Structures are given as C-alpha cells and as structure tokens.
Amino acid sequence: MRVLVVEDERRLALALRHGLTAQGFRVDVAHDGPSGLAQAMDHAYDVVVLDVMLPGLNGYRVCSRLRACGSDVGILMLTAKDGEWDEAEALDTGADDYLSKPFSFVVLVARLKALARRIGSRAPRRTVLGDLVIDSAARTCTRAGTTIPLTPREFAILDHLARRAGEAVSKREILDAIWDNALDSDPNTVEVHVSALRRKIDTPFGRAAVQTVRGAGYRLAADGG
Ligand code: CA
C-alpha cells in the first residue's frame, strides 16, 4: 500500500515514515501543502495522511483541491485537538477519516488499514495523472477532457501501469498480468502494444507519459512532456 505523509513537523514525519515502512507500507513524505498537493496529483497513492496545519496551503484546502480534481485517494487528516480546527470540517472538505493529535501510532496503522479496505471496495477507481484520467471501472481514458478509444489490451496495459504509477514495471510483469499465455509469449510483444498506446494517449497531445525505463520496462508518469 502506497502512502503519502504530508506533515511539516520533520520529526513526526520521519517517525511516521520509519514506522509505516516497518509496517510494510511504501511511504513518501511532503513537508508543505503545495508540494503535498503536487505529489498527490502526480502519483497513485492509496492513502494520504494529511496534517491540517501546513505551510503554503492548509490541509483542508489540499483535501478540497484533490477532490475538485476528481481524485478519490483515501485521505486521513491529522487535526489539532485545541478546538481551533473542527474535525467536522475535515470530513466536509472530503476527507475519509481523521485523527486528533497527539495520536497513537497503533491506532493510526489500524485506521489506515481500515481506510485502504474501504477504498479498495469503492468504485469507480480513477487514476488522475495531470490531465490524463484513467477510470478502471468504466474502462475509459481521457486526456485533457478528450476520450481516447483504446483496445481492451491497450487499456489493460495502461490500467496496470496506472496502478503502479511512478514506478518502473517490467515487460515480463505486464505480460504475466495481462496475457493469458504469458509463458509462451515474447516480452517484446508488449513493446508493440505500448507503442500503439503512446500513439493514442501521448503523441497527439505532445506528451510522453508512458516512459521507457532502460533495462527495467515502463513507467507511467504525470506528464513527461
Ligand atoms: Ca503541522
């Protein structure tokens, strides 16, 4: 499970990174509102742990902007207990859950796992990478609002890359995930389909979201252009 921690208190952010990594989460950290928002927009996280009091842009605004952009990432807000910030407001802006500081790490992990389970059963799953939107339930892809017709195989490759957005995915893995007869198939077959995918979702828009990672495979990034 991929988690983004947006927290400006460096020691707390570091402790969360270490603790959550030890629990098997893959963790990225941002230290202010604008960079947290940018990271959440450009990568496919399962959950964002979002502090309310942040420099640049507060957690409520980060949350509402993510929702306004169509992101359905799980959001757990860390609220202060002093009453200045209303927990109800966190939920109003589109957060899924909240925890008041100071909180127990064990409780945080339990809430994150529960949230991930709820998100996993929530449909439709949409991945938003810049102006590229991939809707796994409707099996549609749009770029800058334009619907792009894809073959089922092309969509399956794109969807697989989107689930692992920002990471290198090998041709062999794509083959295993999508081809019925993966063992008998040549990984280079994947290249043909990825080329076709690029000609549809990238080239006409002057983008390069589907990137080749030398010796490793492919990576889907927010823009790349
Ligand atoms: Ca803070």
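Numbering of ligands and ligand atoms starts at 1, following listing order. In this chain, residues are counted from 1 in sequence order. This structure is a prediction, so every number in the text was calculated from the model and none was measured.
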Query raised in the report: Taking the N/O/S atoms of D8 one by one, which is nearest to the Ca ion (ligand 1)?
Result: OD1
Report summary line: Closest non-hydrogen atoms of A30 and Q39, given as atom of the first, atom of the second and distance, are CB-OE1, 3.5 Å
**Report entry** the Ca ion (ligand 1) reached by E7 (N, O or S, under 3.0 Å)
**Finding:** no
Requested in this report: Locate the shortest heavy-atom distance separating D32 from V6; write the atom from each residue and the value.
Outcome: O-CG1, 3.7 Å
Query raised in the report: Okay, side chain of D131, backbone of R143: is any donor-acceptor separation there less than 3.5 Å?
Result: no
Query raised in the report: Of all the N, O or S atoms in D51, which one sits nearest to the Ca ion (ligand 1)?
Result: OD2
Requested in this report: Considering non-hydrogen atoms only, spot the tightest contact between Y218 and I174 and give its length.
Outcome: CD1-CD1, 4.0 Å
